[in-house]
2 protein chains.
Amino acid sequence: MAEEKFVREITPRDEDFAQWYTDIVLKAEMADYAPIRGCMVIRPYGFAVWENIKNDTDRRLKETGHQNAYFPMMIPESLLQKEVDHFEGFAPEVYWITHAGEDELAERLVVRPTSETIINTMYSKWIQTYRDLPLLINQWCTVFRREKTTRPFLRTVEFFWQEGHTVHETYEDAQRETLMIQEMYRQIIEEELAIPLVVGKKSDSERFAGADATYTLEAMMYDGKSLQAGTSHNLGQNFTKMFDIQYQDREGKLAYGWTTSWAITTRLIGALIMVHGDDRGMVMPPRIAPIQTVIVPIALHKEGVKEKAQELYDSLKGRFAVKLDDREQYSPGWKFNQWELKGVPLRIEIGPKDIEKNQVVFVRRDTNEKIFVSMDNLADKVDEMLETIQKDMFAAAKARMDANTFVVTDYEEFKEKMANGNPFIKGMWCGDEECEAEIKDETTATIRCIPFEEEQLSGTCIHCGKPAKHMVYYAKSY
Amino acid sequence: MAEEKFVREITPRDEDFAQWYTDIVLKAEMADYAPIRGCMVIRPYGFAVWENIKNDTDRRLKETGHQNAYFPMMIPESLLQKEVDHFEGFAPEVYWITHAGEDELAERLVVRPTSETIINTMYSKWIQTYRDLPLLINQWCTVFRREKTTRPFLRTVEFFWQEGHTVHETYEDAQRETLMIQEMYRQIIEEELAIPLVVGKKSDSERFAGADATYTLEAMMYDGKSLQAGTSHNLGQNFTKMFDIQYQDREGKLAYGWTTSWAITTRLIGALIMVHGDDRGMVMPPRIAPIQTVIVPIALHKEGVKEKAQELYDSLKGRFAVKLDDREQYSPGWKFNQWELKGVPLRIEIGPKDIEKNQVVFVRRDTNEKIFVSMDNLADKVDEMLETIQKDMFAAAKARMDANTFVVTDYEEFKEKMANGNPFIKGMWCGDEECEAEIKDETTATIRCIPFEEEQLSGTCIHCGKPAKHMVYYAKSY
C-alpha cells in the first residue's frame with residue numbers, strides 16, 4: 001500500500017505568530033476561507049468544537065431559567081435608529097438589504113449586527129406586569145459586521161454567538177444577572193476551555209454602545225496580547241425607555257424595566273488555538289475536544305492487534321469521544337502527526353509487545369509524555385489522564401499569563417515594556433478618558449479591564465501623575 | 001388572591017381554518033408577528049418544539065455519518081449564477097445586499113435562499129480523490145425567500161431548516177443517500193411527530209431547480225390540503241459539472257462527483273398544529289412535546305396536597321419533561337385551560353380525595369378522557385400512557401387521511417370532489433406536463449407525488465384519456 005508523506009507545514013509559532021495561527025486553522029481543517037470577502041467556512045472539525053461550547057453553555061443557561069427563542073435577522077432601519085448611541089455605534093459597520101428580486105424595498109433592512117432593537121420591540125408587546133418578569137431569553141445565531149482586516153474565528157464578517165437579553169424589575173436584579181452571567185462565562189472559559197482570565201469591568205470608552213456598564217473577561221494569548229473572551233452588559237433603562245418597555249409593578253404603578261445583554265462567540269475557538277496550540281498543531285482541552293482520545297494500533301497486520309484495538313475502543317466508546325484509527329493505507333507515524341495536528345489530547349498506542357505485556361502506551365498531546373499503562377480498568381485511567389491534562393493545560397496557561405503580567409508604577413518602564421513585548425501591565429489610572437487615549441496613542445496599549453479586586457500599587461496615575469482612581473490592566477488587544 | 005379569567009378566544013376550526021391556525025400560533029405563544037414584513041418571531045414554546053425536532057434529526061444524521069459545518073449566509077451574485085436553472089428558479093425571490101456602511105459593494109450579495117452554490121464551491125477545493133468521498137455534510141441555519149402571502153411557520157421570509165449536501169462516487173451512491181434520507185425523514189415525521197405521510201417522487205414540474213429528481217413526503221392537514229413536509233433531491237452531476245467537483249477515481253482517472261441535497265424546515269411545526277390541533281388549542285405528540293405532562297394540584301391550600309404534588313414531580317422529573325403547576329394565583333380550571341391550549345399531552349390531577357385513595361387522575365389531551373390511576377409505579381404508567389397517546393394520535397390522523405383519500409377514474413367526479421372539498425385523489429396520469437398544468441388550472445389541484453407503490457387504477461389518464469404512465473396523488477397544497 002502506497003504510503004502518503006505527512007506534510008504538516010506549520011510556520012513556527014515564535015517565528016511568525018499570525019502565520020502560525022492561519023496555518024493551524026487551515027491545516028487542522030478547523031475553517032477555510034470563503035469566496036466572500038471577510039467570511040469563513042467553519043469545517044466539521046471546527047464546528048464540532050463550537051457545538052461542544054454551545055451544548056455546555058446552553059445547558060448552563062437552561063439550568064438558570066433561560067429559554068431560547070429566535071428573532072428575525074433583518075431589521076428595519078427605523079428600528080435600529082431608535083437608540084441613538086446604539087445606532088451611531090453600529091451604522092458604519094452594518095450591511096444593508098435594499099432589494100428583493102427586481103424591486104427596491106420601501107425601507108432598507110439592516111443585516112443584524114446585534115439584536116437589541118428587534119428584541120426590545122417584541123418585549124414591549126409581551127411585558128405587561130411584574131409577573132412577566134424576569135424575562136430571560138437567549139438566542140443562538142450569527143451576526144454580521146463589516147470588518148477591514150479579518151482572520152478566521154478572531155474577526156470575521158459573519159460569526160456565531162449566543163446573545164442573551166433579559167428584563168428585570170429593578171436595577172439590582174439586572175446587575176445580579178449581569179454578574180451571574182459573567183461568572184458563568186468564567187466557568188465555561190476557565191474550566192471547560194482551560195483558558196485563564198482576568199475579569200472585571202470595562203472603562204467607559206470601551207463600553208458597549210447603549211450600555212450603562214460592560215463587564216468583560218480578558219484572556220492572554222500566547223503572544224501576550226489580550227483577547228476579549230466574553231462580555232455582559234447592564235443596559236440600565238436605556239433600551240426600555242426607547243422601546244417603551246413598561247410594566248405594572250407590585251404597587252400597581254407603571255414602571256420601566258431594566259435590561260441586560262451578554263454574549264460569547266466563535267472567537268473562543270480562536271482563543272483556544274492561540275492559548276494552547278504549539279508548533280505541532282492544535283492542542284484541545286479534553287472537556288471541549290471533539291475527539292478526546294484516539295487509538296492507534298501499531299503493526300496492524302500482526303495477529304490479534306486489530307481485534308485488541310477494537311476491544312479497547314468498545315470499552316471506551318460509551319464514556320469518551322474516542323476514535324479508532326485502523327486505516328491501513330497510513331503508517332502509525334503518519335497518524336501520530338495527523339492527530340497531533342488536530343490536537344487530540346490523548347493518544348493510545350497498542351502493538352504486539354504491548355498486548356504481550358497487557359499494557360498500552362498513553363501519549364499526552366500537551367507534554368508529549370509517554371506513559372505505559374496496564375489495560376486493566378482502562379476507562380478509569382483514561383478518565384484520570386484526561387482530567388490531569390485538563391488541569392495541567394490550565395496551569396500552564398496560567399503560569400504563562402502570570403509570568404507575563406507586571407506591576408508597573410513608572411511610565412518610562414511602562415513604555416519600554418510595551419515596546420519590547422506584549423505584557424499585561426497592572427498599573428494605576430486617574431479615571432480620565434483623555435489620559436487613557438494618550439496612553440493608547442503612545443503605546444497602542446489600552447485599558448482591558450478594571451478588575452474586581454484592585455490593588456493599591458501607588459497613589460497616582462501611571463501616565464499623568466494625578467490621584468489614581470483605579471488599578472487597571474493595560475495590554476495590547478486583538 | 002384575584003383570579004384571572006382565562007380567555008382562550010380561538011376561532012372554531014370548522015368555521016375558519018386559517019383564523020383558527022393563527023389563533024393557536026399566537027395564543028399558545030408559539031410565534032408572534034415581527035415588525036418586518038413576512039417575518040415571524042419564534043417564541044420560547046415554539047422554539048422548544050424546533051429544538052426537539054432538531055435534536056432528534058441531528059442524532060440520526062450523526063449516527064449515519066453526517067457532520068455539521070457552516071457556510072456563509074452572503075453569497076456573491078456571480079456564484080448564484082453558475083447553475084442556470086438554479087439561478088432562474090431563485091432570482092425572483094432573493095434579497096440583495098448592496099451596501100456596507102456608507103459604501104456600495106463592488107458585487108451584490110444574495111442573502112442565502114439555499115446553499116448549493118457556496119457549498120459546492122468549497123467542495124471543489126476539498127475533494128481530490130475517491131478517498132474524500134462520500135462527503136456527508138449538513139448545515140443548520142435559516143434561509144430567506146421573498147413571499148407575497150405569509151403565515152407563521154408555514155410560509156415566512158426567513159425560516160429554519162437543515163440542509164444536507166453530499167457528494168458521492170457514483171449515481172447509485174447518490175440515489176441510495178437520497179432515498180435513505182427520505183426514509184429518515186419519514187421516520188421522524190411519522191414516528192416522532194405522529195403525522196402520517198404519502199411518500200414518493202415529484203413530477204418534473206414540481207422538481208427542485210437544479211435537481212435530476214426530487215423525492216417528497218406529503219402530509220394531509222386537517223382541512224384536507226397537502227403540505228410538503230420534507231424533500232430529498234438527487235442532483236446528479238448538475239452541480240459538480242458547474243462547480244468543477246472532480247476527483248481521482250479508483251482507476252486513477254478524473255471523474256465528476258454525484259451530489260444530493262435535502263431539507264426539513266420549521267414548516268413541520270405548522271404541520272403539527274394543522275394535523276393535531278383542535279378547538280381547545282394545540283395538541284402535542286408526546287415524543288416532541290416541550291412539556292410531556294403537567295401536574296395540577298387541586299385544593300392547593302389543603303394539608304399535604306402541595307407536598308404530595310411535589311413528591312410526584314420529583315418521581316417523574318428525571319424521566320419526562322414534566323411541569324408542576326403550583327401557582328397559587330390561578331385556579332385549577334384556569335390551569336387546565338392554559339395547558340390544553342399549549343397542547344400538553346397528559347395532565348395529572350391530584351387532590352385531597354385522590355391522596356386518600358392513593359390515586360391520581362390522568363386526563364388525556366387528545367381524547368379528553370379521564371382515567372383514575374394508582375400512584376404506585378406512577379412513572380411506568382405515565383410512560384405507557386404517553387406511548388398510547390403517541391400511537392393513538394398517529395392512528396387518528398391516519399384514519400382521517402384515509403377517509404379523505406379517494407380513488408377516482410372519471411374526470412367529472414374528480415372536478416366535483418375537488419370543488420366540494422380538499423381530498424387526496426389517487427388517479428392515473430399520462431406523464432404529460434401540459435395535462436398536469438391543465439388539471440391545475442381547472443381545479444387548483446396539483447400532482448403532489450408519484451408514490452413508490454403505484455396501483456393500476458385504469459389504463460388511461462384521468463384528464464386526457466391517453467395511455468397512463470403513473471398513478472399519482474392529486475391534491476390542493478399549502
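These numbers come from a predicted model, not from an experiment. Numbered from 1 within each chain, the chains take letters A, B, ... in sequence-line order.
Looking at Ala34(B), the atoms closer than 4.5 Å to chain A (heavy atoms on both sides) sit in the backbone and in the side chain alike. Of the two parts of Pro92(A), only the backbone, made up of N, CA, C and O, holds a non-hydrogen atom closer than 4.5 Å to a non-hydrogen atom of chain B.
The candidate from Met74(B), Lys125(B), Glu107(B) with the greatest count of non-hydrogen atom pairs under 4.5 Å with chain A is Met74(B). The most heavy-atom pairs under 4.5 Å with chain A, out of Glu29(B), Glu93(B), Met73(B), Arg37(B), come from Met73(B). Of the listed residues Lys62(B), Arg108(B), Glu102(B), the one with more heavy-atom pairs under 4.5 angstrom with chain A than any other is Lys62(B). Top candidate by heavy-atom pairs under 4.5 Å with chain A, chosen from Leu109(B), Leu105(B), Asp103(B), Val111(B), is Asp103(B). The candidate with the highest count of non-hydrogen atom pairs below 4.5 Å against chain B, out of Pro76(A), Ala100(A), Pro35(A), is Ala100(A). Ranked by heavy-atom pairs under 4.5 Å with chain A, the list Tyr33(B), Tyr70(B), Phe71(B) is led by Tyr70(B).
Below 4.5 Å, heavy atoms of chain A meet heavy atoms from Val157(B), Glu158(B), Phe160(B), all part of residues 154-166 of chain B. Within residues 38-52 of chain B, the residues having any heavy atom under 4.5 Å from a heavy atom of chain A are, by residue number, Cys39(B), Met40(B), Val41(B), Ile42(B), Arg43(B), Pro44(B), Phe47(B), Glu51(B). Below 4.5 Å, heavy atoms of chain B meet heavy atoms from Ile137(A), Thr142(A), Phe144(A), Arg146(A), all part of residues 137-153 of chain A. At a heavy-atom cut-off of under 4.5 Å, chain B is reached by Ile118(A), Thr121(A), Met122(A) from residues 113-122 of chain A, listed in order of number.
A 4.5 Å side-chain heavy-atom check between Ile75(A) and Ile36(B) finds every atom pair outside the cut-off. Side-chain contact between His99(B) and Val94(A) is absent, with no heavy-atom pair separated by less than 4.5 Å. Counting only heavy atoms from C-beta outward, the side chains of Thr98(B) and Tyr95(A) never approach each other to under 4.5 Å.
Around NZ of Lys323(A), the count of heavy atoms belonging to other residues, nucleotides or ligands within 6.0 Å does not exceed 12.
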